[in-house]
Number of protein chains: 2
Amino acid sequence: MAALQKSIDKRNALINATIELVNNDGFHATPMSKIAKMACVSPATIYLYFENKQDLVNKTYLEVKSSYTAYAFATYDETMSVKEGFEVIWKRIAEFKLKEDAYAMFLAQCDNTPMIDEESRQEGIRHLQPLLDVWKRGIKEGVIKPMSDYMLYAYAINPLSFLTIAQNRGALVLDDKQLEQAFEAAWSSIKVCE
Amino acid sequence: MAALQKSIDKRNALINATIELVNNDGFHATPMSKIAKMACVSPATIYLYFENKQDLVNKTYLEVKSSYTAYAFATYDETMSVKEGFEVIWKRIAEFKLKEDAYAMFLAQCDNTPMIDEESRQEGIRHLQPLLDVWKRGIKEGVIKPMSDYMLYAYAINPLSFLTIAQNRGALVLDDKQLEQAFEAAWSSIKVCE
DNA sequence: TAAAAAAGAATGAACGTTCATTTTCTGTAA
DNA sequence: TTACAGAAAATGAACGTTCATTCTTTTTTA
């Protein structure tokens, strides 16, 4: 157990160092030697845990994406109404993006650059299924406008990425009041008007 | 005149090569030698037009941002009503992002990574002033919800970036009908309900 | 004590940038 | 118009550095 435990710690340290350094400098401007140093490990040791640099960043992406979606759906269950379900998920996502802003920044960078393999990108998308299911249900019930998943995501969820990046760059404070406004805007853009 | 003309052509070729290669591979994975080759120019020649690689990408960013905002505001004038003004600007932006999808991809990458100098980023933001003015007017007239510029941008404009990237990755087709839907979603999220 | 894990130094390739040289342009004098 | 000199623009090769990865040796584990 001690040995395994130690390995998991090192792996986590490598993943966390990758996130922090890539956020600051970008993927290709982050040398393996720097990641190793921040994780208190020899550069050679990275290759015991990951195949190469690309594998390291792919795995980091999937790990962050998993913790993101796990957090997002933790308090949702399928017996909720569409509106309630959406609100619960949306607010968990917002909470995650504010609390785990380094993760949010990292995901934004992965989603907007060619730094991740297409295969890992596809796998990351699959994690969102429960949200897509809420939307499908909402459209069937006539509560949500009949739009494609991409369009719904663009207006209901993606703006949060922009807001957290703006907040991270010091241009905006997202307090509770602003967040409630943001939720209202999100819901307004996808709901069917009564 | 011949000499000057030639120079502008080369400069444009370098900027265009930068956009295409950075879109495909990312900033740091794009060597100067490759940019030079695509622009049919010697690597050394790049340094006659730009100080260094960072300067090249900063200037490229500002050039793209300028053509983006010039296009966005070309048909808008201040005598329009808030709703009409917003609609005109929004639709021009959408048109630009669909027609000039390479530019749109490039801007998305600049806005979500540390690849651009902070100074150039700030200058790029200033170009959006006319849009912020419409919003200010809309809030004063009670037509637009009193939200910060960042929030308004997040819900009304930024979703278009997500949609064009999705379209570019082959995951979505943004036809006229979808676009009208998207505009409705954008307007719904920021307007004051009657 | 044997195997696994980790380390640091070494390697070779790739990169941004510069240098020495050649080519092209421009204005002037015949 | 032609010839040409000086300046400007452009080039390909070269330089020094940095980086991802591997190799050999040492340390830790069981």
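Residue numbers start from 1 in every chain, and the chains themselves are labelled A, B, ... in the order their sequence lines are given, proteins ahead of strands.
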Polar-atom pairs under 3.5 Å, protein N or O versus N or O of nucleotides 2-4 of chain C: list them with distances, or write none.
none

B/Tyr153 meets the ring-ring contact (aromatic ring centres under 6.0 Å, His included) criterion, sequence neighbours left out, with A/Phe162
Residue set satisfying ring-ring contact (aromatic ring centres under 6.0 Å, His included) with B/Tyr71, at least two apart, ordered chain then number -> B/Phe96
Mind checking what makes side-chain hydrogen bond (donor to acceptor under 3.5 Å, both in side chains) contact with A/Glu180, not counting sequence neighbours?
A/Lys91
Tell me every residue that passes side-chain hydrogen bond (donor to acceptor under 3.5 Å, both in side chains) with B/Asp101, counting only those two or more places apart in sequence or in another chain.
B/Asn168
Within residues 12-21 of chain A, the residues having a heavy atom closer than 4.0 Å to DNA chain D are none
Tell me every residue that passes side-chain hydrogen bond (donor to acceptor under 3.5 Å, both in side chains) with B/Ser161, counting only those two or more places apart in sequence or in another chain.
B/Lys97
List the atom pairs, donor and acceptor, that lie under 3.5 Å between side-chain atoms in residues 136-147 of chain A and the rest of the protein, sequence neighbours left out.
| residue | atom | partner | partner atom | Å |
| --- | --- | --- | --- | --- |
| A/Arg137 | NH1 | A/Met80 | O | 3.1 |
| A/Arg137 | NH2 | A/Tyr76 | OH | 3.3 |
| A/Arg137 | NH2 | A/Met80 | O | 3.0 |
| A/Lys145 | NZ | A/Ser189 | O | 3.2 |

With sequence neighbours excluded, what pairs up with B/Asp25 under the salt bridge (Lys or Arg N to Asp or Glu O under 4.0 Å) test?
B/Lys34
Sugar-phosphate atoms are those with a prime plus P, OP1 and OP2; base atoms are the rest. Using that split, label each nucleotide of nucleotides 18-24 of chain D B, S or - for protein heavy atoms under 4.0 Å, 5' to 3'.
-SSBBB-
Residues two or more places apart in sequence or in another chain: which of them pass side-chain hydrogen bond (donor to acceptor under 3.5 Å, both in side chains) with A/Lys59?
A/Asp55
Which residues pass the side chain to side chain contact (heavy atoms under 4.5 Å, CB included) test with B/Leu132, not counting sequence neighbours?
B/Gln129, B/Trp135, B/Asp149
